[in-house]
Amino acid sequence: MTGPAVPFREIVLKVHSRCDLACDHCYVYEHADQSWRTRPKTVSDHVISRTAQRLAEHAKTHALPSVSVILHGGEPLLAGPRRLRRVCEEFGSALAGVAELDLRIHTNGLQLSPRYLDLFDEFDVKVGISLDGDRTANDRHRRFADGRSSHPLVLKAVELLRQDRYRHLNLGLLCTVDIENDPHAVLDALVALDPPLIDFLLPHATWDEPPPRPDGSPTAYAQWLLAVFDRWQEEGSPVPVRLFSSVLSTLSGGPSLTESLGLAPTDLVVVETDGQLEQVDSLKSAYEGAAATGFDVFSHSFDDVAAHPGVRARQLGLAGVSETCRRCPVVRSCGGGLYTHRYSAANDFDNPSVYCADLEALVRGIQARTSAAAVSPALADRRELGAEQHDLTRTLLAGLHEALDGRGGARWEEAWGLAGVLESSGEGAAGLDRVMAHPYTRTWLLDVLEGLHAERPEAVGQALRLPSYVAAAAVRAGLGLEVPCDYRDGRLFLPTLGELRVAGPGGPGRVLVRALGEGFAVRREGGGEQIVASEAEGPDWLPVRHFAAGGVPRLALDDLDPYRDCFDAPAAPRLSPADAEAWAEGVGRAWELLERAAPRQAADAAESLTTLTPLVAGRNTKRPHGHGTVGLVWTGDTLELALALLRGLRRARLRALLDVTDLYALDGAWEYRLPWERNVKVPFSGLLAGTYERVGLSPLVPGFMDGVPEALDMMDAAAEPTVGGMRLLGSLRDEARGVHGTSGMNVLMNAVDQEPVR
């Protein structure tokens, strides 16, 4: 086992090892490990004090911002108020100034009273109560030793916790699943109590002691939980349900929210009443001594336990599950199931969960029921993609303002204030939107944020380009607002507009920029105004050129922006007028070819593409940029230029989707052999990018479809794609089926034959 051990952020302290109920499904008293019989009933002062010291030492060593202590049993309330106060005081004192302390208690609720809750209020101890549903469901297992119902007393405890003065302590309800119970009745009974959270738990079982399945169905528990899920959705998800939230999170590329699912490493250790340090409590269901480590709080640190092989085995993520699980498409969501549930005497814990079929059916069932709602709108609508990209750039600008934290000085604050003035009018807001939507505005923002994070001295100076963005927005809006701007090396660059020489080379300085008719005016201190017609090139003014191409009424040919050098080939210098005209003509012909051979892609691009940047042959380091640009290396061959344009459009759209939605998770955990390049293995991201590109290029060159069906099959069976990723794969299949439905090759050849080659 390689890599450092994961520090513990949560400990379970057994404050009392006996219980006032006789639940027949209890893992402490009714399962394989019976070590409770030899332990003290109540935790001692010495164990409390030593455990608190060990936790403070651990938190300090690992600089943990917070730690959780869960008071457990048996039934922890049987320890009594005085003992529980001692626990709260000892841990509060030990952790003061070291880490924030989150105290919790899990109880059956029978002993809960205002006396306890006043104590918990004093120390902010959150309370979770075990309840299996309505009276019929709860009494199936949670009874007194003489068979009496515990349900009325538990309801009294829940109602007490719901009072206004204690509501802030309510942690929620824990419900153990029994498929003999009515799933709808169970959910309705729990929801009626208005808990902040419901946690459904599968009953502890192993391959040697499997869970009951009265009808023999291998997915009985999944069907029960999906019935609950359907009812929960029908009622508008009235209460958070941790199990469902966890599956939905992992399906969308997020983390697991519960130890029983997902691949997150365990960060929990148990302290028994005698000070013994043990692994997660549920292991007592596997065999006698399964949870033991041989360590205790008197002689060993929590770091000693973290390095224990049994603990490390639950910190390995994907490498810690069985080979069957590693090959399973739902492993990101189920994580191989709870570690305890994998046990068999034959293979130890190297098995799938005994609930394997249930977990797969549950994940796939939730995915099928929620995939449309869980997908980013950007996947379904190109306009939404543009809007989400714009929101992202605005968010980055706000983040830059916060990250500067005053370091931009008066010049930043002045420009920030003027941006606010623009936002207050319709024309000004539209002008600011145009400049914020410029693809290389994103590159500038990310460069500055990265520089600030790395504490590069030039980063603040880069941030002070903001005035030029505000000035460009004011000019575009036609507002007579004067914006002070800094120029560098005698030149002032206004994003989306162009570059103006205002002084000799090497000279920095400041000017005032204001809109003026069809252009703008620039005034230097002590000098006259320079009047600039924004579209007309002059001896001191280089405008960003524009041209029309096919269905795109106006494209910027940006060979000026200082942040345009962000493609995998270097940016070309300023084009001569003749070269710019050749570019416009060549791209126009390529676009017409796209409109004939790939009309849908051309129409999509016409709504999103704003900027073309000329590149030169060579290798370059790619950097992020915003939506709406393609970089191209010039070629006089119309087909080659059309392919390059389409390739750039496909890459740009996929990159834009990845900016705003998670299409996959755990990228790199598996490798895939490219069907069109058999000796090359790539991670999922590489396979998706290659497939997405090849499907897009195939209307121009049908041979690009070779290997695509195989690649789609591989990705459909993979574990990495989120629900958004699966939707994208579905749309790729649909696109691949329709690519050559109208004799695309004939259209292509006719188009090429009719056009001159430059």
Side-chain angles (χ1 to χ4, degrees), residues 10 12-16 19-21 23 26 68-89 91-92 100-139 141-144 148-177 185-201 228 232 235 237-245 257-258:
E10 186 171 278
V12 172
L13 177 63
K14 296 301 191 79
V15 296
H16 200 277
C19 189
D20 44 4
L21 284 181
C23 307
C26 180
S68 294
V69 177
I70 300 172
L71 310 182
H72 212 276
E75 169 48 48
L77 294 182
L78 291 177
R82 291 181 60 187
R83 178 66 41 188
L84 294 176
R85 173 176 289 277
R86 180 63 181 269
V87 171
C88 296
E89 289 175 343
F91 278 90
E100 184 178 344
L101 176 60
D102 172 26
L103 281 167
R104 303 180 176 201
I105 189 166
H106 288 173
T107 173
N108 61 31
L110 302 186
Q111 305 292 326
L112 198 64
S113 67
R115 184 183 181 190
Y116 280 108
L117 288 173
D118 288 340
L119 170 67
F120 298 155
D121 184 36
E122 181 181 346
F123 291 96
D124 196 28
V125 182
K126 302 297 191 297
V127 182
I129 294 179
S130 296
L131 179 66
D132 287 350
D134 58 353
R135 180 163 184 158
T136 299
N138 197 70
D139 285 354
H141 301 287
R142 297 188 180 279
R143 298 185 301 273
F144 288 96
R148 285 181 297 122
S149 170
S150 67
H151 190 257
L153 288 175
V154 181
L155 287 190
K156 285 180 64 176
V158 175
E159 290 300 329
L160 184 60
L161 196 53
R162 290 177 64 192
Q163 292 182 10
D164 287 343
R165 60 178 173 157
Y166 301 130
R167 189 181 296 272
H168 63 288
L169 302 176
N170 196 344
L171 198 59
L173 301 174
L174 289 80
C175 174
T176 300
V177 172
V186 167
L187 180 67
D188 292 347
L190 298 177
V191 168
L193 297 174
D194 192 28
L197 179 72
I198 297 172
D199 209 354
F200 286 107
L201 310 173
V228 174
W232 181 66
E235 295 178 354
S237 309
V239 175
V241 175
R242 192 197 307 271
L243 182 69
F244 301 155
S245 297
L257 306 178
T258 172

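The structure presented is a predicted model; accordingly, all values stated were derived computationally and were not measured. Each residue takes its place number in the sequence, starting with 1.
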Single hit among V125, L13, I105 for side-chain contact (heavy atoms from CB on, under 4.5 Å) with V87: L13
Heavy-atom check, side chain of V154 versus side chain of L110, under 4.5 Å: yes
Distance-minimising heavy-atom pair for P238 and V191: CG-CG1, 3.8 Å
From L197 atom CG to K126 atom NZ, the distance as rounded to the nearest 0.5 Å: 13.5 Å
E10 side chain vs I70 backbone, donor-acceptor pair below 3.5 Å: no
Flag if over 12 foreign heavy atoms under 6.0 Å of CZ, R165: yes
Full working for side-chain contact (heavy atoms from CB on, under 4.5 Å) between F144 and L153: CA-CA 11 Å; F144 288 96; L153 288 175; 3.9 Å; yes
Sole residue of L161, L173, L171 in side-chain contact (heavy atoms from CB on, under 4.5 Å) with P195: L173
Student check: side-chain heavy atoms of L131 and L190 closer than 4.5 Å: yes
R167 side chain vs R162 backbone, donor-acceptor pair below 3.5 Å: yes
Any donor-acceptor N/O pair, N138 side chain to D132 backbone, under 3.5 Å: yes
Side chains of H168 and D121, donor plus acceptor under 3.5 Å: yes
Between CZ on residue R135 and OG on residue S150, distance to nearest 0.5 Å: 9.0 Å
Heavy atoms of other groups near E100 CD, more than 12 under 6.0 Å: no
Name of the residue among T176, V186, T258, L174 meeting side-chain contact (heavy atoms from CB on, under 4.5 Å) with F200: V186
Closest non-hydrogen atom pair between S68 and D102, with its separation: OG-OD2, 2.9 Å
Step-by-step side-chain contact (heavy atoms from CB on, under 4.5 Å) determination, L84 to F120: CA-CA 9 Å; L84 294 176; F120 298 155; 4.1 Å; yes
L117 versus L169, closest heavy-atom pair with distance: O-CD1, 3.8 Å
Nearest atoms (heavy-atom pairs only) where E75 meets H16: O-CB, 3.5 Å
Atom pair CZ/CG of R242 and D199 - distance to nearest 0.5 Å: 4.0 Å
Heavy-atom pair of closest approach, residues D134 and A185: OD2-CB, 3.7 Å
For G133 against A189, the heavy-atom pair lying closest together: C-CB, 3.7 Å
